[in-house]
Amino acid sequence: MTGPAVPFREIVLKVHSRCDLACDHCYVYEHADQSWRTRPKAVSDRVIARTAQRLAEHAKTHALPSVSVILHGGEPLLAGPARLRSVCEEFGSALSGVARLDLRIHTNGLQLSPRYLDLFDEFDVKVGISLDGDRTANDRHRRFADGRSSHPLVLKAVELLRQDRYRHLDLGLLCTIDIENDPHAVLDALTALDPPLIDFLLPHATWDEPPPRPDGSPTAYAEWLLAVFDRWQEGGGQVPVRLFSSVLSTLSGGPSLTESLGLAPTDLVVVETDGQLEQVDSLKSAYEGAAATGFDVFSHSFDDVAAHPGVRARQLGLAGVSETCRRCPVVRSCGGGLYTHRYRAVNGFDNPSVYCADLEALVRGIQARTSAATVSPALTDRNELAAGQHDLTRTLLAGLHDALDGRGGARWDEAWELAAVLESSDEGAAGLDRVLAHPYTRTWLLDVLEGLHAERPEAVGQALRLPSYVAAAAVRSGLGLEVPADYRDGRLFLPTLGELRLAGPGEAGRARVRAVGEGLSVRREGGGERIVPRGADSSDWLPVRHFAAGGAPRFALDDLDPCRDCFEAPAAPRLDRKEAEAWAEEVGRAWELLERAAPRQAADAAESLTTLTPLVAGRNVKRPYGHGAVGLVMTGDTQELALALLSGLRRARLRALLDITDLYTLDGAWKYALPWERNTTVPFSGLLAGTYERVGLSFLVPGFMEGVPEAFDMMDGAAEPTAGGMRLLESLRDEARGVQGTSGMNILMNAVVHEPVR
């Protein structure tokens with residue numbers, strides 16, 4: 001096992017090893033490990049003090065901002081208020097000034113009283129209560145040794161915790177599933193108590209001691225949980241259910257929210273009443289001694305436990321699950337199931353969960369029920385994609401303001417305040433939106449943020465281009481607002497508008513700019529005002545030109561923006577008038593070709609294309625840029641240009657989607673052989689990007705469909721796609737079907753693609 005051990009952020013402290021109930025599904029008393037019989041009933045002051053010291057050392061060593069201590073048993077309330085107070089005081093003292101302490105207690109609630117809750121209120125101890133549903137469900141397992149029901153006393157405890165003075169301590173309800181209980185009745189009973197959280201737990205089982213399945217169904221537990229899920233959704237999901245929230249999170253590319261699902265490494269250690277350090281308690285269900293490490297708080301640190309092979313095995317993520325699980329598409333969501341549930345005597349834990357079929361059915365069931373609501377609308381709505389891109393740019397700008405933290409000085413503050421003035425009117429906000437939507441505004445923002453993060457000395461200076469963006473927005477608004485901005489090397493570029501020539505090469509200074517009719521009023525510091533027409537090239541002004549050649553949509557030919565050099569070939573220098581017109585005409589002819597051969601793709605592209613930038617042959621480092629821009633090398637070959645244009649648009653849209661929604665996660669965890677290039681393996685991102693591009697270009701070059709069906713099959717069986725990624729694959733399959741039988745497909749059959757599709 002390689003890599004450093006994951007530090008513990010959570011410890012379970014067994015404060016009492018006995019219980020006042022006799023639940024027949026309890027992993028402590030009713031399963032394989034019976035070590036509780038030889039342990040002290042209550043934790044000693046010595047164990048408490050030493051454990052608190054060990055935790056403080058661990059938190060300090062790893063600079064942990066917070067740690068959780070869960071008081072557990074047996075039944076922890078049997079330890080009594082005095083001992084629980086000692087625990088709270090000892091840990092509070094040890095962690096003071098080291099890390100924030102999150103204290104919790106998990107109880108059956110039978111002993112809960114105002115005396116305990118006043119103590120918990122004093123130390124902010126959150127309380128979780130075990131309750132399996134209505135009385136019928138709860139009494140199926142959670143009874144006293146003499147058979148009496150515990151349900152009334154548990155309800156009394158829950159009601160006490162719900163009182164206003166204690167409500168802030170309520171952690172929620174833990175419910176162990178029994179599929180013989182009515183799923184709707186269980187959920188209704190739990191939600192009626194209005195808990196902050198419900199946690200459904202699968203009963204502990206292994207392949208040697210499998211869970212009961214009265215009807216023999218391999219997915220009985222999934223069916224029970226999906227019935228609960230449907231009821232939960234009908235009620236608006238007002239009470240969070242951790243199990244469902246975790247699956248929904250992972251389907252969207254987020255983390256698991258529970259130890260029982262997902263691939264997050266374990267960060268929990270158990271301290272028994274005698275000071276023995278053990279692995280997660282549920283392992284007691286596997287075999288005698290399964291949780292043991294041989295360590296204790298007196299002779300060993302928490303780092304010693306973190307390095308234990310058994311603990312490390314649960315910190316390996318994807319590498320720690322069985323080969324069957326690694327090949328399963330839902331492994332990100334189920335994580336191979338709870339480690340304990342994988343156990344089989346013949347080969348240990350190298351198995352799928354004994355609930356494998358249930359977990360797959362549960363994940364797929366939740367996915368099928370929620371995909372329409374959880375998938376980003378940007379996947380199907382171009383306006384939503386554009387809006388999401390715009391929101392991202394504004395978020396980046398706000399993030400830059402925070403990252404500068406005053407380092408931009410008076411010039412940044414002045415520009416920021418003027419931007420706020422623009423935002424206060426409809427015309428000003430529209431002008432600012434136009435400038436922020438420009439694709440290379442994104443390049444500037446990301447370059448500056450990266451520079452600040454890397455502590456590059458020039459980054460603050462790059463950030464101080466903000467005034468030029470605000471000046472361009474003010475000019476576009478037509479409000480006559482005067483904005484000061486700095487020029488460098490004698491030039492001031494106003495994004496989306498053009499470049500002012502204010503002085504000679506190498507000169508720098510400050511000028512005030514405002515709109516005047518169809519021109520610009522410019523006042524250099526120490527100089528008078530001059531009016532610069534904005535229509536055509538002049539010695540003072542180079543405009544960003546716009547064209548609508550042929551059937552192409554109107555686009556900006558941006559050969560000025562200082563941030564435009566962000567493609568896989570270098571940006572060309574400024575074109576003269578004839579060169580620009582010839583370039584636009586060639587793009588128009590290429591677009592007409594696209595409209596004949598691939599009308600759907602051309603129509604889609606027409607709604608997103610805003611900016612074309614001429615490139616020159618060669619390669620450079622690719623940098624990020626915003627939605628709507630394509631860089632093109634002008635070769636004089638209309639067919640080649642049409643392919644390059646469509647290829648660039650496809651790549652731009654996929655990148656724009658990835659900017660605002662997670663289409664996959666764990667990229668690189670698996671490798672795939674490209675069907676169209678057998679000796680090349682790529683991560684999922686490479687397979688998706690290649691397939692996405694080839695499907696679009698196949699309308700022009702049908703040979704590009706070779707290998708695409710195989711790629712679809714690989715991606716359908718992959719674990720990386722999120723719900724959004726799967727939705728994209730569905731639409732991509734639909735698009736691929738349209739290739740078959742399309743007339744005019746051979747138009748570009750012999751075209752040479754400027755940039756090979758990989």
Side-chain angles (χ1 to χ4, degrees), residues 21-27 30 106-110 112 127-144 147-159 161-162 170-205 211-215 217-248 257-261 282 337-338 341 355 357-359 361-363 365-366 369-370:
L21 282 180
C23 307
D24 59 17
H25 56 15
C26 180
Y27 62 82
E30 302 296 332
H106 287 173
T107 173
N108 61 30
L110 302 186
L112 199 64
V127 182
I129 294 179
S130 296
L131 178 66
D132 288 351
D134 59 350
R135 179 163 184 158
T136 299
N138 198 69
D139 285 355
R140 196 179 295 277
H141 301 286
R142 305 186 64 80
R143 289 178 172 270
F144 288 98
R148 285 180 296 121
S149 170
S150 66
H151 191 257
L153 288 175
V154 181
L155 287 189
K156 182 179 177 182
V158 173
E159 291 298 330
L161 188 56
R162 290 179 63 194
D170 194 352
L171 196 60
L173 301 174
L174 289 82
C175 173
T176 300
I177 298 165
D178 188 317
I179 55 177
E180 294 199 51
N181 291 327
D182 183 328
H184 292 172
V186 168
L187 181 67
D188 292 348
L190 297 177
T191 55
L193 298 173
D194 192 27
L197 179 72
I198 297 172
D199 212 351
F200 285 107
L201 308 175
L202 289 166
H204 290 313
R213 297 183 181 275
D215 62 356
S217 170
T219 58
Y221 289 85
E223 293 159 15
W224 192 93
L225 280 166
L226 288 171
V228 172
F229 184 83
D230 291 339
R231 185 75 155 201
W232 180 67
Q233 280 201 309
E234 288 171 10
Q238 294 181 358
V239 177
V241 174
R242 192 197 308 270
L243 186 68
F244 301 154
S245 298
S246 182
V247 173
L248 290 169
L257 305 178
T258 172
E259 181 199 8
S260 60
L261 297 176
S282 62
L338 190 69
H341 298 167
Y355 292 104
D358 292 294
L359 294 174
L362 175 66
V363 172
I366 291 177
R369 288 161 166 80
T370 61

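If you're wondering where the values come from, they're calculated on a predicted model, not measured in any experiment. Along the sequence shown, residues carry numbers from 1.
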Participant: Between CG of Asp139 and CZ of Arg148, what distance do you get to the nearest 0.5 Å?
Facilitator: 11.5 Å
Participant: Rounded to the nearest 0.5 Å, how far does OG1 of Thr219 lie from CG of Leu359?
Facilitator: 11.5 Å
Participant: Go through it in stages, so that I can follow the logic: the residues are Asp182 and Asp134, the test is side chain to side chain contact (heavy atoms under 4.5 Å, CB included), and I'd like the CA-CA distance, side-chain angles, deciding distance and then a yes or no.
Facilitator: CA-CA 9 Å; Asp182 183 328; Asp134 59 350; 6.0 Å; no
Participant: Tell me, do Val363 and Leu261 make a side-chain contact under 4.5 Å, heavy atoms counted?
Facilitator: no
Participant: To the nearest 0.5 Å, what is the distance between CG on Leu110 and CZ on Phe144?
Facilitator: 4.5 Å
Participant: Are Asp178 and His141 close enough that a side-chain donor and a side-chain acceptor fall under 3.5 Å?
Facilitator: yes
Participant: Test of understanding: with side chain to side chain donor-acceptor pair (under 3.5 Å), list the residues that count as partners of Asp170, not counting sequence neighbours.
Facilitator: none
Participant: Without swapping roles, check the side chain of Asp132 against the backbone of Thr176 for a donor-acceptor pair under 3.5 Å.
Facilitator: yes
Participant: Find the distance between CG (Leu190) and CG (Leu173) and round it off to the nearest 0.5 Å.
Facilitator: 6.0 Å
Participant: Would you say the side chain of Ile177 lies within less than 4.5 Å of the side chain of Pro203, judging by non-hydrogen atoms?
Facilitator: yes
Participant: Please enumerate all residues that pass side chain to side chain donor-acceptor pair (under 3.5 Å) together with His106, with sequence neighbours excluded.
Facilitator: none
Participant: Looking at residues at least two apart in the chain, or sitting in another chain, which of them share a salt bridge (Lys or Arg N to Asp or Glu O under 4.0 Å) with Asp188?
Facilitator: Arg231
Participant: For Ile179 and Pro214, work out which heavy atoms get closest and say how close.
Facilitator: CD1-CD, 3.5 Å
Participant: I want to check something: taking the side chain as every heavy atom from C-beta on, are Val228 and Phe244 in contact at a cut-off of under 4.5 Å?
Facilitator: yes
Participant: Assess the residue pair Ser260 and Leu201 against the criterion (side chain to side chain contact (heavy atoms under 4.5 Å, CB included)); give the C-alpha distance rounded to whole Å, side-chain angles, the decisive distance to 0.1 Å, and a yes or no.
Facilitator: CA-CA 8 Å; Ser260 60; Leu201 308 175; 5.8 Å; no
Participant: So do the side chains of His341 and His204 get within less than 4.5 Å of each other, counting heavy atoms only?
Facilitator: yes
Participant: Between Arg369 and Gly365 (side chain of the first, backbone of the second, donor and acceptor by atom type, cut-off under 3.5 Å), is there such a pair?
Facilitator: yes
Participant: On a heavy-atom basis, which atom in Arg162 and which in Ala192 lie closest, and how many Å separate them?
Facilitator: NH1-O, 4.0 Å
Participant: What distance separates Trp224 CH2 from His184 NE2, expressed to the nearest 0.5 Å?
Facilitator: 9.5 Å
Participant: Any idea which heavy atoms bring Arg242 and Asp199 closest together, and the distance?
Facilitator: NE-OD2, 2.8 Å
Participant: Quick check: do Leu338 and Leu202 have side-chain heavy atoms less than 4.5 Å from each other?
Facilitator: no
Participant: Excluding sequence neighbours, so at least two apart, what forms side chain to side chain donor-acceptor pair (under 3.5 Å) with Asp358?
Facilitator: Arg213
Participant: What closest approach, in Å, do Pro196 and Pro240 show between heavy atoms, and which atom pair accounts for it?
Facilitator: O-CD, 3.3 Å
Participant: Work out which heavy atom in Asn138 is nearest to a heavy atom in Leu131; give both atom names and the distance.
Facilitator: OD1-CD1, 3.4 Å
Participant: One pair to check against side chain to side chain donor-acceptor pair (under 3.5 Å): Arg140 and Asn181. What are the steps and the verdict?
Facilitator: CA-CA 9 Å; Arg140 196 179 295 277; Asn181 291 327; 2.7 Å; yes
Participant: Any non-hydrogen side-chain atom of Leu362 less than 4.5 Å from a side-chain atom of Leu226?
Facilitator: yes
Participant: Search all heavy atoms of Ala222 against all heavy atoms of Ala361 and return the closest pair with its distance.
Facilitator: CB-CB, 3.7 Å
Participant: Holding to ring pair (Phe, Tyr, Trp, His ring centres under 6.0 Å), I want the full list of residues that pass it with Tyr221, two or more places apart in sequence or in another chain.
Facilitator: Tyr355
Participant: Please tabulate, one pair per line, all N/O donor-acceptor pairs under 3.5 Å involving side-chain atoms of residues 151-158, not counting sequence neighbours.
Facilitator:
| unit_1 | atom_1 | unit_2 | atom_2 | d |
| --- | --- | --- | --- | --- |
| His151 | NE2 | Gly133 | O | 3.4 |
| His151 | NE2 | Arg135 | N | 3.4 |

Participant: What I'd like to find out is whether the side chain of Leu187 reaches to under 4.5 Å of the side chain of Phe200, using heavy atoms alone.
Facilitator: yes
Participant: Taking the side chain as every heavy atom from C-beta outward, state whether Ile129 and Thr107 have any atom pair closer than 4.5 Å.
Facilitator: yes
Participant: How far does OG of Ser149 sit from CZ of Arg143, to the nearest 0.5 angstrom?
Facilitator: 6.0 Å
